[in-house]
Amino acid sequence: MPSAEETSLHRDDRPDGPRDDRRGARPDAAPDVRPDVRPTRRDSVAAAGSELIGGPAGRYALRVRGGYLTPVRVVALTAIGMFALGMVQKLPCYNWAWFRGASSQYTRACYSDIPHLYLGRGFSEGLLPYFDRLPGDMEYLEYPVLTGLFMQVAAWLTPSSGSIQHQEQVYWLVNAGMLMICTAVIAVCVSRTHRRRPWDALLVALAPAFALTATINWDLLAVALTAAAMLMWARSRPLAFGVLIGLATAAKLYPVLLLGPLLLLCWRAGKWREFGTAALGAAGAWLVTNLPVMLLAPEGWKKFYTFSQERQIDFGSFWLVISQRTGESFEVESVNTAATLLMVLACGGIAALALAAPRRPRFAQLAFLVVAAFILTNKVYSPQYVLWLIPLAALARPRWRDFLIWQACEVAYYLGIWMYLAYTTSTKHQGLPPEGYQLAIAAHLLGTLFLCAMVVRDVLRPERDGVRQDGSDDPSGGVLDRARDVFVLGSRRTEPAGASAADPAHGPKVEWGTEASARAPRDDEG
């Protein structure tokens with residue numbers, strides 16, 4: 001007998017539109033006229049939360065199409081509103097705490113790199129990133145080229161008149177405005193990636209960790225480009241996807257990791273031409289962006305890569321917990337080697353999952369897993385790195401309960417790191433001691449592992465995947481959506497265990513990406 005939780009889950013996940021129980025049929029043979037998926041009818045937590053605005057829409061609620069407040073616009077406005085609340089949270093630092101010693105900005109949990117690097121990386125003096133040597137220990141800007149350009153554009157928009165404090169304040173405001181645009185792009189792209197599930201992007205818009213960390217650094221530029229790339233792949237535009245991934249990698253290193261899951265899925269589906277187009281587009285866009293600086297300022301260009309290699313064990317990583325608990329000081333080369341080995345092992349597990357799962361995993365699921373593996377094995381975890389995962393998590397596992405559990409862990413870590421820094425920088429040691437900070441790191445690690453486990457369960461038991469329970473295959477898969485498998489490891493299970501055509505708790509029985517779908521006639525085959 002199913003548990004009460006499973007019964008509730010299946011009841012909440014019944015599709016809104018008419019069911020299609022055809023075996024092996026292609027749902028794209030006719031236009032999909034099913035209504036948008038409403039989380040308040042599928043997710044008990046979303047339904048409970050909607051009581052704040054009047055509760056879920058009823059069965060006979062009037063739906064006005066073409067109005068101003070479309071789902072995408074609602075999500076974008078909500079994201080901008082939450083971003084603004086995050087700016088308000090930084091007001092104590094903006095007004096004074098950034099400029100009155102280190103401890104104050106930590107006790108108020110409103111630290112940001114942006115104003116400090118305006119002075120510390122030579123922007124206040126008009127120095128050009130990568131080309132001009134910086135005074136102090138950091139000889140050149142330690143950010144990728146596109147992020148450096150973003151920082152420089154903000155510096156050009158910052159008036160050079162007034163005190164340094166005033167310039168730093170204006171520089172932060174200019175960057176916040178540019179990052180707000182990135183936030184809107186992220187919200188729109190995530191809303192449109194899954195055509196029938198625009199409301200899943202509310203997970204991004206309302207994520208507390210998003211609002212808290214959005215203006216700590218410049219990560220939102222890479223996140224926005226990655227979200228746009230995911231949208232382009234969902235629209236079967238591999239070249240545009242590749243160009244955007246290349247640009248995102250020129251802003252931050254992590255987006256290049258998405259090419260690994262894509263390779264595995266295209267291998268399983270035999271979509272080699274599409275993957276090659278995407279890979280060439282990514283390489284070309286990255287090279288065009290980096291080549292001028294690479295040739296004209298090679299020492300400045302390579303600083304990001306040498307800094308990443310030479311960086312010691314830092315905040316947020318399990319390596320720091322081990323070092324503090326054992327009292328050992330690890331050599332950076334040894335940590336680099338061990339972290340790389342762990343990442344390779346994690347990627348090997350993801351590859352086995354991708355090639356041997358009973359149904360081909362969704363692109364967003366594997367993308368989330370590989371980026372999460374990188375974060376978990378890395379030697380540093382800055383609090384804004386959670387921004388990398390939030391859009392991918394909304395696409396991979398659009399479950400409010402699991403998402404909020406993970407977000408609670410990330411908020412705990414956000415508060416923990418600032419209280420720990422307050423403890424280490426104040427003479428009175430007011431804040432969180434190392435033991436408390438280690439618990440905050442453990443919360444971040446366990447929360448991320450929990451969400452990874454939920455995604456892996458959905459891959460292994462696709463009948464439990466909320467995105468697929470209405471008969472969909474991979475809404476963000478583009479050319480992979482409903483494609484045949486040409487290579488699979490091991491045996492293939494073509495339908496959910498225990499499901500039947502007449503069992504509405506499991507949704508319609510679908511067999512995309514299996515031998516059964518290969519037997520079904522395709523549109524282009526008559």
Parallel, tilted or perpendicular: ring planes of Y143 versus W218, cut at 30 and 60 degrees
perpendicular

Once you measure the plane-to-plane angle for Y118 and F123, does it fall in the parallel (<30°), tilted (30-60°) or perpendicular (>60°) bin?
parallel

Apply side chain to side chain contact (heavy atoms under 4.5 Å, CB included) to residues D200 and L395 and explain how you reach the verdict.
CA-CA 7 Å; D200 288 345; L395 296 172; 5.9 Å; no

Side chains of W406 and E410, donor plus acceptor under 3.5 Å:
yes

Min side-chain heavy-atom separation L134-E139 under 4.5 Å:
no

Within 45 degrees of the ring normal and closer than 6.0 Å to the centroid, is that where the cationic atom of R73 sits relative to Y68?
yes

Which of these passes salt bridge (Lys or Arg N to Asp or Glu O under 4.0 Å) with E142: K303, R311, R121?
R121

Between W400 and F403, what is the ring plane arrangement, given parallel below 30°, perpendicular above 60°, and tilted in between?
perpendicular

Closest non-hydrogen contact found for P383 with W418 is CG-CZ2, 3.8 Å

Among V223, T249, D219, find the one that has a side-chain contact (heavy atoms from CB on, under 4.5 Å) with Y254.
V223

Audit row: L141, M151, side chain to side chain contact (heavy atoms under 4.5 Å, CB included) steps and yes/no:
CA-CA 10 Å; L141 184 67; M151 299 162 74; 3.8 Å; yes

Does the side chain of Y413 pick up a donor-acceptor pair with the side chain of Y437 at under 3.5 Å?
yes

Using atom types as modelled and distance alone, determine if a side-chain donor or acceptor of S163 lies under 3.5 Å from a backbone N or O of H166.
yes

Qualifying residue for side chain to side chain donor-acceptor pair (under 3.5 Å) with D458, from R362, R464, R397:
R397

Report yes if some heavy atom in the side chain of H116 is under 4.5 Å from a heavy atom in the side chain of Q105; otherwise report no.
yes

Residues N336 and E331: side-chain donor-acceptor under 3.5 angstrom
no

Does a donor on one side chain sit under 3.5 Å from an acceptor on the other, for D113 and Y111?
yes

Identified ring-ring contact (aromatic ring centres under 6.0 Å, His included) counterpart of Y94 within the set W172, F99, Y171:
W172

Nearest non-hydrogen partners of L203 and R399, listed with the distance:
CD1-N, 4.4 Å

